[in-house]
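Count residues from 1 along the sequence. The structure presented is a predicted model; accordingly, all values stated were derived computationally and were not measured.
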Amino acid sequence: MTICKKNIVVFGAKEDTITLIKYLVKNICIPDLVITLDPIKTKSKYHISGEGDVFEYCKKNNIQTIGVEDYTLKSINLDKYKFDLGICYGWQRIIPQKVLDKFKIGVFGFHASPLGLPFGKGRSPLNWSIIEGRNKVFNHFFKYNSKADDGLIYSVIKFEINAYDTIDSLNKKSIITAKQQIKELIEDYLNPFIDINKKLKPQKNILKKHFTLKELLKMVKLI
């Protein structure tokens, strides 16, 4: 059997995913493969905030795409593929371990937390940051494992929340920082002298850089 080698793969099903793919194509490289939801097979199956027709966009722009029936990825057979690097933006679900295992370097994605991981895990972190009156958010770019928001950290960028911010403006800030972080990751990936795995840090080591001891104690409700 001939093995198809796909180096950079993007996972996503939102309009933000299309924005990211456009950025990659213009500034870095064309993704070798995009994995997204099949718009016909998943019609009315999911309610996705900010959903985009990633499948149709990639088709029009000659980017190889696999459309799946659901987030479990059970409907595709990846046995014939070998991957290097995966980037997840706008997928909103945990990627199964059997898929993660197909990647030589790993699959990387984002989680924005106003507290800094491992605190602030879960859905809609930007919405909750506004609701709770937070004044900053940390955009974590991390290597996925089989648990939610649990992987080793590649990079963290902080951005401020001001009195005029809305969920739309925070989302734009998040995309801006994500583009920068993805660009750095791909540059490291293309550099034969850099071992990305050696740059990854446990989440607990990230906290000390951004918070005082008093703030950390408040997070775990010790004071």
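For Phe110, the ring-ring contact (aromatic ring centres under 6.0 Å, His included) partners at least two apart in sequence or on another chain are Tyr89, Phe141. With sequence neighbours left out, Tyr23 forms a side-chain hydrogen bond (donor to acceptor under 3.5 Å, both in side chains) with no residue at all. With sequence neighbours left out, the side-chain hydrogen bond (donor to acceptor under 3.5 Å, both in side chains) criterion links Asp101 to Gln97. Under the rule for a side chain to side chain contact (heavy atoms under 4.5 Å, CB included), the partners of Lys147 that lie at least two apart in sequence or sit in another chain are Asn145, Asp150. Asn191 pairs by the side chain to side chain contact (heavy atoms under 4.5 Å, CB included) definition with Phe193, Ile194, not counting sequence neighbours. The salt bridge (charged side-chain N to carboxylate O under 4.0 Å, His left out) check on Lys199 picks up Asp188, with sequence neighbours excluded. Under the side-chain hydrogen bond (donor to acceptor under 3.5 Å, both in side chains) criterion, Lys179 pairs with no residue at all, not counting sequence neighbours. Residues satisfying the side-chain hydrogen bond (donor to acceptor under 3.5 Å, both in side chains) criterion with Glu187, sequence neighbours excluded, are Lys183. By the salt bridge (charged side-chain N to carboxylate O under 4.0 Å, His left out) test, Lys173 pairs with Asp165, sequence neighbours left out. Partners of Ile30 by side chain to side chain contact (heavy atoms under 4.5 Å, CB included), not counting sequence neighbours, listed by chain and number: Val25, Ile63. Residues meeting the side chain to side chain contact (heavy atoms under 4.5 Å, CB included) test with Lys22, sequence neighbours left out: Ile18, Tyr57.
Between the side chain of Gln64 and the backbone N or O of Pro31, no donor-acceptor pair lies under 3.5 Å. Remark: the backbone N or O of Glu184 is paired with a side-chain donor or acceptor of Tyr154 at under 3.5 angstrom.
Residues Val10 and Leu24 have side chains in contact (heavy-atom distance under 4.5 Å, counting atoms from C-beta outward). A heavy-atom distance below 4.5 Å is found between the side chains of Ile8 and Cys29. Looking at heavy atoms from C-beta onward, Leu20 lies in side-chain contact with Ile182 at the 4.5 angstrom threshold.
Between His111 atom NE2 and Phe142 atom CZ the span is 7.5 Å, to the nearest 0.5 Å.
Put simply, Ile157 and Phe138 are part of two different groups of oily side chains (I, L, V, M, F, W, Y) that touch within less than 4.5 Å, one to the next.
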